[in-house]
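First the proteins, then the strands, lettered A, B, ... as listed; each starts at 1. Quantities reported herein were computed from a predicted structural model and do not represent experimental measurements.
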Protein chains: 2
Amino acid sequence: MANAADRAYDAIRSGILDGTFPPNARLKEAELVTFCGVSRTPVREALRRLAAEDFVRIQRNQGAQVKSWSHDDLDDLFSLRALLEGHAAARAAERITAADLARLSDAIREMDAVLASDTAQSRKIAEFLRLNRVVHETVWQASGSDRLVSMLGHLVEQALMAHTAQKFSIARVAQSHHHHQELLRAMQARDAAWAEAIMRSHIRAARQALDPPAGAADGH
Amino acid sequence: MANAADRAYDAIRSGILDGTFPPNARLKEAELVTFCGVSRTPVREALRRLAAEDFVRIQRNQGAQVKSWSHDDLDDLFSLRALLEGHAAARAAERITAADLARLSDAIREMDAVLASDTAQSRKIAEFLRLNRVVHETVWQASGSDRLVSMLGHLVEQALMAHTAQKFSIARVAQSHHHHQELLRAMQARDAAWAEAIMRSHIRAARQALDPPAGAADGH
DNA sequence: TTCGGGCCGTTTGTATACATCGATCGGTTA
DNA sequence: TAACCGATCGATGTATACAAACGGCCCGAA
């Protein structure tokens with residue numbers, strides 16, 4: 001994290017993810033200069049990068065604005081993610097190495113341990129999310145397509161931004177964990193179709209979990 | 001094309017596509033300043049943008065370099081393109097409007113006219129490529145996913161860069177034309193599976209056409 | 001009262017000067 | 001002679017000053 005542009009990028013990005021800059025907030029360069037502690041040049045560079053990654057929207061001579069996400073955008077995002085993650089899982093099932101299989105297996109066993117342990121739920125969830133990322137990235141890499149890795153990384157970043165208010169329940173985590181276990185079995189069996197199907201379910205379930213429960217429409 | 005940054009972007013991008021800056025060429029900011037006729041600030045912005053779009057590679061304190069493409073990169077690129085274009089075609093078949101269908105039909109009929117006309121082959125090919133873009137973009141938009149549109153646009157840009165030396169033969173164009181015609185029939189029949197299958201073939205054929213013919217290994 | 005036009009403040013866009021990093025080349029030493 | 005160290009140069013990274021553009025406001029006229 002040596003240079004100013006990267007520092008500015010990280011600072012602004014964190015600000016967006018933690019809600020300091022809510023959706024639709026206008027990001028003025030002068031404010032970000034004091035916020036990040038660097039001059040306008042690296043701030044501008046960071047903003048352009050964030051725009052390329054779809055975190056903000058830049059209009060000519062009108063600066064940057066934090067992107068907001070509609071219900072349809074989320075559907076769109078997760079539908080593509082399901083397609084690509086499914087594809088990655090299928091390819092991975094056909095070509096995963098013993099080492100990567102072991103890494104998957106280890107991560108999932110570690111999840112077991114975390115969930116069975118006697119720690120606070122929030123801590124459990126945080127740890128689970130970290131391992132979740134390991135599982136997915138292992139699958140992506142095992143797919144053997146660098147481009148797929150970068151595209152999926154990109155989509156997941158956006159998904160992260162879209163639901164700043166993480167609504168992870170412990171029940172949701174348990175379902176997710178079962179998916180991972182089944183995914184591992186599919187990989188061990190080198191069954192591409194199975195791996196793809198379970199991965200798609202996994203992602204679509206994640207989409208579903210973002211919507212409020214059916215009976216809990218707000219305002220009543 | 002009002003501002004300097006966009007002018008720089010267009011100039012450098014064209015330079016890469018037309019071979020002025022060959023693969024692996026180092027792009028020094030000072031040289032680009034004279035090449036584009038703007039100062040370093042917009043040149044740098046253009047380079048970062050090109051890096052985000054995978055046209056160049058930037059290393060810290062070492063500037064930018066035009067990306068080069070290996071055989072495997074091309075496989076990777078077209079394999080993903082086949083997946084996504086196929087997906088877009090399937091979705092489009094299910095939800096395409098009458099207006100878009102007419103647009104597809106018109107573009108294809110225009111291709112007929114161009115191919116049957118009495119003009120130079122190079123002119124025919126150029127015109128065909130323009131209409132080809134119209135056909136594909138219509139399908140993307142009809143898919144109803146903005147994200148898919150931007151991802152595919154991105155992948156096609158990269159494909160364009162990867163084969164600067166366009167090796168389009170008239171025979172290749174004819175095959176491509178037949179694919180388009182069949183795609184239109186699949187759309188008219190609203191047969192998603194058919195549309196997806198023909199689109200995949202279409203993209204994989206395009207990949208194949210980039211490799212030199214089997215018997216024509218260079219150097220002999 | 002409402003619409004149009006021009007002024008002014010704020011914000012972004014561009015140019016340029018300065019700081020810093022890395023690579024190369026030459027000299028010195030083991 | 002080979003290897004290492006340091007100076008120097010050229011390139012990128014950063015800061016800042018200046019230019020241009022957008023938006024809001026006030027004022028005047030219909």
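Residues meeting the salt bridge (Lys or Arg N to Asp or Glu O under 4.0 Å) test with B/Arg109, sequence neighbours left out: B/Asp106. Applying the salt bridge (Lys or Arg N to Asp or Glu O under 4.0 Å) rule to B/Arg48 yields the partners A/Glu45; only residues at least two apart in sequence or on another chain are considered. With sequence neighbours excluded, the residues satisfying salt bridge (Lys or Arg N to Asp or Glu O under 4.0 Å) with B/Arg40 are B/Glu29. Partners of B/His177 according to the ring pair (Phe, Tyr, Trp, His ring centres under 6.0 Å) rule, which considers only residues two or more places apart in sequence or in another chain, do not exist here.
Each ring-ring contact (aromatic ring centres under 6.0 Å, His included) pair with one or both residues in residues 18-49 of chain A, not counting sequence neighbours, appears once here: A/Phe21-A/Phe35.
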> Can you give one letter per nucleotide of nucleotides 5-19 of chain C, going 5' to 3': B for a protein heavy atom under 4.0 Å from the base, S for sugar-phosphate only, - for none?
Replying inline: ------SBBBBB---
